[in-house]
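Atoms within a ligand are numbered from 1 in the order they appear, just like the ligands themselves. Sequential numbering from 1 along the given sequence is applied to the chain's residues.
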Amino acid sequence: MAAYLSRLHHISLQVSNVDKVAHELVSRFQSNVFAARRTDRAKQLALRRGSAVFVVNERPSLSDCGAVRDHRDAGCVFGTHEHYPVDTVSNVCFEVTDVPSASRALRDQDGCEFLQPPAELQDDRGRVTFSIVRSPVGNVCHTLIDSSRYQGPFLPGFREVSSGCQGADRSRCPITHFDHITYACPRSSTVHITNWYRRNFGFQRFFIDRNEDVDEGYVLNHDGIGLRLTAMEYWKCSESGIKLPFKDEKEPDCKFVIAESLPEQGRNQVDTFLDEHRGAGIQHIGLYTEDIVKTAQTLSQAGVQFFSPPPAYYTEVGKQQEMLDAGYDPQTLSQYGILLDTDIQTDTDRQTTDGQRHLLQVFTKPVFAEDTFFLELIERRGATGFGEGNIRALWRSVQAYMENGEHQERQSNNQLSKQR
Ligand SMILES: O=C(O)C(=O)Cc1ccc(O)cc1
Ligand SMILES: [Fe+2]
């Protein structure tokens, strides 16, 4: 039996300089710091935009590693016991209703390794129970937490921070939640990963494309693109932890996408991630926004840089008409590098007024010093999956960045700062 998940609780980052990354997330990405925990060994900040919560943790140095932390140390909730050589997004934490029974269900499965067996943490505002399992993807682990008996601002040990520096108001930056998490994975690892999530957490596949093969996933393997994408989702469970039986009552939560590079088309962005990150991991996170144009405008004014597709994307007659039909000015979309895909569906649920479903996406430049993790803004107007046109356009814009001077310049800057 699988462990059913109530919802995504937060995503945690392990970085060498917490203040620098938190500043980036606050001043550029408009998050608010709402809780903090500082001890002589740990510095942790919790940031929020809508229901999307990031925790930024200081990476333990090599000399800290091996020091066994006992479970009263809140640092261990995030699975940050292990040293990692570069900044990374390493933990996706899920709320569950019963940690001991979820952990028992997982322990009975093959291939489920615990970094932390069920344990309890408390302070004067209540207590939480949690455990941590290693995922099959590189350094990614999952904390399972039950925080229903905790009344504090975030987790035990964190104190509330009333942020003096508030991000933009909701109307200028309507990011509401995590839409999806994309993993960059080595060749031939997809089947093992999808099986693991199905067996352990009841994830189900969904198709990115109508013609997608169940076993193969969505394969783009021509015109210089060598990518296999496989998407999975899960449903939030009711408070009682029981999967709701009726389709209409089930609410899908954050989706997961596995990106595997295919060798025939030469070296690509997934290979670059695997090299610079020193292994598989979280390549990007899609943040859902109710208004992508306004959000991109606000973030861009705050200094966020976006990948842009080749200019021809916005001048191509068919694409221009598609944008106009969807009610967008091609010039505005081009200003921020926003991509638009249209999905013409025959069934009637979730259709927009023009009878079509639109998907709008824009991708930021890498967040850390290495060319690894980036963020995405996504607005869904009826479209639930991922658009082939956008995937191609994203691929081309990232590939252009890899091949022009910018990527090489960042690499040599990193080399220089390591030598200093
Ligand atoms: O389209 C999206 O948002 C995806 O998440 C799919 C995807 C994943 C990895 C890539 O390198 C390019 C596209
Ligand atoms: Fe994405």
Side-chain angles (χ1 to χ4, degrees), residues 8 11 52 89 92 137-138 140 175 177-187 189-190 193-194 205-209 212 217-233 252 254-263 265-277 280-289 292 295-296 306-309 313 337-343 357-367 371-381 383-403 407:
L8 202 150
I11 295 179
V89 183
V92 179
V137 179
V140 178
I175 291 173
H177 59 273
F178 293 121
D179 179 86
H180 64 276
I181 296 172
T182 297
Y183 289 144
C185 295
R187 287 170 188 154
S189 60
T190 300
I193 296 166
T194 51
R205 282 280 306 281
F206 73 89
F207 295 128
I208 290 172
D209 187 76
E212 179 176 334
Y218 178 47
V219 174
L220 283 163
N221 203 5
H222 43 85
D223 302 336
I225 306 180
L227 182 67
R228 182 199 309 283
L229 289 179
T230 310
M232 314 176 282
E233 62 188 338
C254 183
K255 300 172 172 69
F256 282 70
V257 180
I258 302 164
E260 179 183 319
S261 97
L262 301 173
Q265 308 293 323
R267 226 191 111 73
N268 63 50
Q269 56 202 254
V270 177
D271 299 318
T272 302
F273 178 96
L274 296 174
D275 283 356
E276 295 216 0
H277 183 259
I282 296 179
Q283 180 216 37
H284 76 262
I285 294 174
L287 298 170
Y288 189 85
T289 169
I292 198 166
T295 307
F306 298 107
F307 280 122
S308 293
Y313 179 86
I338 298 171
L339 310 171
L340 170 87
D341 226 323
T342 305
D343 185 11
R357 299 171 177 192
H358 301 291
L359 180 68
L360 294 112
Q361 290 166 285
V362 63
F363 300 85
T364 75
K365 299 262 175 85
V367 174
D371 280 327
T372 51
F373 173 67
F374 57 91
L375 286 163
E376 166 189 342
L377 301 176
I378 182 164
E379 181 184 345
R380 297 179 180 279
R381 302 182 64 188
T384 52
F386 297 90
E388 164 166 1
N390 283 8
I391 294 168
R392 285 178 190 284
L394 164 66
W395 185 270
R396 298 225 158 85
S397 44
V398 180
Q399 219 52 33
Y401 164 88
M402 292 296 172
E403 281 151 23
H407 167 61

Winner among Gln399, Gln361, Arg392 once heavy atoms are compared against atom 3 (O) of ligand 1: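 Closest candidate by heavy-atom distance is Gln361.
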
Would you indicate which of Asn268, Leu229, Ile208 comes nearest to atom 7 (C) of ligand 1 when only heavy atoms are counted? Leu229

Pick one of side chain, backbone, both or neither for how Leu394 approaches ligand 1, counting any non-hydrogen atom pair under 4.0 Å.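 Just the side chain.
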
Just say parallel, tilted or perpendicular for the rings of Phe374 and Phe307, cut-offs at 30° and 60°. perpendicular

[Y] side chain reached by [X] side chain, heavy atoms, under 4.5 Å:
| X | Y | value |
| --- | --- | --- |
| Leu8 | Ile181 | yes |
| Phe256 | Tyr183 | yes |
| Phe386 | Asp341 | no |
| Thr190 | Cys185 | no |
| His180 | Glu376 | yes |
| Val92 | Phe178 | no |

Can you list the protein N, O or S atoms less than 2.8 Å from the Fe ion (ligand 2)? His180 NE2, His284 NE2, Glu376 OE1

Ala259: partners by side chain to side chain contact (heavy atoms under 4.5 Å, CB included), with sequence neighbours left out: Thr182, Leu227, Leu229, Val270

Ligand 1 atoms in contact with [X] (distance to a heavy atom under 4.0 Å):
| X | result |
| --- | --- |
| His180 | 3 (O), 5 (O) |
| Ala259 | 9 (C) |
| His284 | 3 (O), 4 (C), 5 (O), 8 (C) |
| Glu376 | 3 (O) |

Is there a donor-acceptor contact under 3.5 Å from the side chain of [X] to the main chain of [Y]?
| X | Y | answer |
| --- | --- | --- |
| Arg187 | Ser261 | yes |
| Glu276 | Asp371 | yes |
| Arg392 | Gly387 | no |

For atom 11 (O) of ligand 1, find the nearest protein heavy atom and state the residue, atom name and distance (0.1 Å precision). Gln269 OE1, 2.9 Å

For atom 9 (C) of ligand 1, which protein heavy atom lies nearest, and how many Å away is it? Gln283 OE1, 3.4 Å

Within-shell test, Asn390 vs ligand 1, heavy atom, strictly < 4.0 Å: no

